[in-house]
Amino acid sequence: MTDRAPLSRKLSAIAESATLKVDAKAKALKAEGKPVISYAAGEPDFATPQFIVDAAAEAMKDPANFRYTPAPGLPALREAIAAKTLRDSGLEVAPSQVIVTNGGKQSVYQAFQAVVNPGDEVLLPAPYWTTYPEAIRLADGTPVEVFAGADQDYKVTVEQLEAARTERTTVLVFVSPSNPTGSVYTAEETRAIGEWAVEHGIWIVSDEIYQNLTYEGLKATSIVEAVPEAAGQTILVNGVAKTYAMTGWRVGWMVGPTDAIKVAANLQSHLTSNVNNIAQRGAIAALNGPQTEAEQFREAFDRRRRTIVAELSKIDGVRVPNPLGAFYVYPDVQGLLNRSWGGVTPTTSLELADLILEQAEVAVVPGEAFGPSGYLRLSYALGDDQLLEGVQRLQRLFSSN
């Protein structure tokens, strides 16, 4: 009997999402009755605004929503996304330049599929979201990490990008506000990077999923607003998940030049066809409706941000850059390594995260998931009381040396 043919080597090499893995472990411990507090998942704890839910419920009454619809998205939603792109990213696009996807992850995946060829190098500023390098490899590209530490507020410079560029460099990943760090590039920094990419003919995949979550009066400047001529070589990815507490609705989108959108739409026509029509109707309501509750969410995140930064900063050995966007804090914890805590001496942030879960029953994501060791990511998209209690557990743990 002949041995079975092997599984896909490409898929077998793909790593599981580290953030979802940690969150699943935390939920399993909670199910066992352990009082675990998890900072792992980037998911708002708020309910989706009721007017959005009502729009989806109303859509259930229309049998047209039970049928196939255009693979790139409902025309009304593509129009709403085009309007949002002009409003928030300063770029005027036609609805035909928009594809509605099953969440932001699909738009990230399709963006790389559209612009990466085998052997291409993709500059990936680190720390980075765990999905980017895997999506690049699935497009047969090579991720090239460009690291910026806490001393740079986790933001790369043009000089660093230029040092990493080779004749095989074809794409740059640009994320502001950042997951996992919460860093936001200034308009000047964004302009410099956009001009550099245009000068060298490099595609830009710009993830703007957190663009409406900024603090201290800061605006997240879109790279296509800072450098309008970059629009011809930029794909914007976005979605309703974070701003409107709609993670489970799975509605994202990509916006870009007509030729790139055409090849991505062809891919989606074979990959998934249209996104769930009821969820699309909810997304239309979210983008076109009142933004009052979304602003209340942002204000709550800001309050939590200030709390977690202040409390983490009280721990000796922890350095906490001030995040100005998203809902993450990314402390440098190298000062906690190679020291004994409860009889354990962690040498990496992976070992430190395991120690924290074991001894403090707090789930955090280690820096190894996003780049170099020595850092932790904590999402503050959880209730105020839980957020404070979790950090106080860390304070108690790391005061017992």
Side-chain angles (χ1 to χ4, degrees), residues 42-44 46 49 77-78 80-93 97-101 103-108 111 125 128-129 131-132 153-155 172-191 193-194 204-228 230-231 234-247 249 251-256 283 286-289 291-302 305 322-328 330 379-381:
E43 181 171 47
F46 309 114
L77 180 52
R78 296 171 85 187
I81 292 167
K84 176 196 164 38
T85 303
L86 177 60
R87 181 170 68 244
D88 293 341
S89 301
L91 178 66
E92 186 171 1
V93 295
Q97 291 177 258
V98 176
I99 301 175
V100 182
T101 60
K105 278 189 178 178
Q106 185 177 357
S107 62
V108 168
Y128 48 75
W129 181 44
T131 292
Y132 298 136
D153 197 24
Y154 305 118
K155 296 186 289 187
L172 165 69
V173 180
F174 184 76
V175 189
S176 178
S178 164
N179 174 7
T181 68
S183 294
V184 182
Y185 286 80
T186 67
E188 294 74 21
E189 291 165 340
T190 301
R191 184 177 303 108
I193 290 172
I204 304 167
V205 174
S206 182
D207 191 338
E208 299 189 336
I209 192 80
Y210 295 98
Q211 74 178 163
N212 296 120
L213 295 174
T214 56
Y215 314 107
E216 299 185 19
L218 190 67
K219 177 184 183 294
T221 302
S222 175
I223 202 161
V224 292
E225 183 173 19
V227 186
T234 299
I235 295 178
L236 305 177
V237 299
N238 210 324
V240 294
K242 313 298 184 177
T243 302
Y244 301 100
M246 294 176 69
T247 52
W249 293 67
V251 180
W253 59 81
M254 54 191 299
V255 175
L287 295 180
N288 291 343
Q291 302 299 300
T292 308
E293 287 171 272
E295 174 59 17
Q296 291 171 349
F297 296 165
R298 192 195 67 80
E299 291 171 354
F301 287 140
D302 189 19
R305 176 186 70 93
N322 185 33
L324 294 174
F327 39 64
Y328 308 102
Y330 201 72
S379 167
Y380 49 86

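Quantities reported herein were computed from a predicted structural model and do not represent experimental measurements.
Taking the six-membered ring where tryptophan is involved, the planes of Tyr380 and Phe301 are perpendicular, since the angle between them exceeds 60° and thus also 30°.
Under 3.5 Å, the side chains of Gln291 and Tyr244 contain a donor-acceptor pair of N or O atoms.
Of the listed residues (Val205, Thr181, Asp207), just one forms a side-chain contact (heavy atoms from CB on, under 4.5 Å) with Val175, and that residue is Asp207. Here the options are Pro323, Ser183, Ser178, the test is side-chain contact (heavy atoms from CB on, under 4.5 Å), and the partner is Tyr154; only Ser183 passes.
Here the side chain of Glu189 pairs a donor or acceptor atom with the backbone of Thr186 at under 3.5 angstrom. Arg298 places a side-chain N or O within donor-acceptor distance of the main-chain N or O of Thr214, the cut-off being under 3.5 Å. With Glu293 contributing its side chain and Pro49 its backbone, the two residues share no donor-acceptor pair below 3.5 Å. With hydrogens and angles disregarded, a donor-acceptor distance shorter than 3.5 Å links the side chain of Ser107 to the backbone of Gly104. The backbone N or O of Glu208 lies less than 3.5 Å from a partner atom in the side chain of Asn238, making a donor-acceptor pair. Checking side-chain atoms of Thr85 against main-chain N and O of Ser89 turns up no donor-acceptor pair under 3.5 Å.
Counting heavy atoms from C-beta outward, Val93 and Leu86 have side chains that stay 4.5 Å or more apart. Residues Val255 and Ile235 are not in side-chain contact: their nearest non-hydrogen atoms beyond the backbone lie 4.5 Å or more apart.
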Intermediate values then yes/no, side chain to side chain donor-acceptor pair (under 3.5 Å), Gln211 and Ser222: CA-CA 8 Å; Gln211 74 178 163; Ser222 175; 5.6 Å; no
Ile193 vs Ile223, side-chain contact (heavy atoms from CB on, under 4.5 Å): CA-CA, chis, key distance, verdict: CA-CA 8 Å; Ile193 290 172; Ile223 202 161; 4.2 Å; yes
Between Asn288 and Lys84, is a side chain to side chain donor-acceptor pair (under 3.5 Å) present by the stated rule, with each step listed? CA-CA 9 Å; Asn288 291 343; Lys84 176 196 164 38; over 6 Å; no
Run the numbers on Trp253 and Leu77 for side-chain contact (heavy atoms from CB on, under 4.5 Å), then give the verdict. CA-CA 10 Å; Trp253 59 81; Leu77 180 52; 5.6 Å; no
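Using a 4.0 Å cut-off between a side-chain N of Lys or Arg and a carboxylate O of Asp or Glu, Glu225 and Lys219 qualify as a salt bridge. Salt-bridge check for Arg305 with Glu216: passed, with a basic side-chain N closer than 4.0 Å to an acidic carboxylate O.
Going from atom CG of Asp88 over to atom OG1 of Thr221 covers 11.5 Å, rounded to the nearest 0.5 Å. The distance from atom OG1 of Thr190 to atom OH of Tyr185, rounded to the nearest 0.5 Å, is 8.0 Å. With rounding to the nearest 0.5 angstrom, the OG1 atom of Thr243 is 4.0 Å from the CG atom of Asn212. Between the CD1 atom of Ile204 and the CZ atom of Phe174 there is a distance of 8.5 Å, given to the nearest 0.5 Å. With values rounded to the nearest 0.5 angstrom, Asn179 atom CG is found 10.0 Å from Tyr330 atom OH.
Within a 6.0 Å radius of CD in Glu299, other residues, nucleotides and ligands contribute more than 12 heavy atoms.
The minimum heavy-atom distance linking Thr131 with Lys105 is given by the pair OG1-CE, 3.6 Å.
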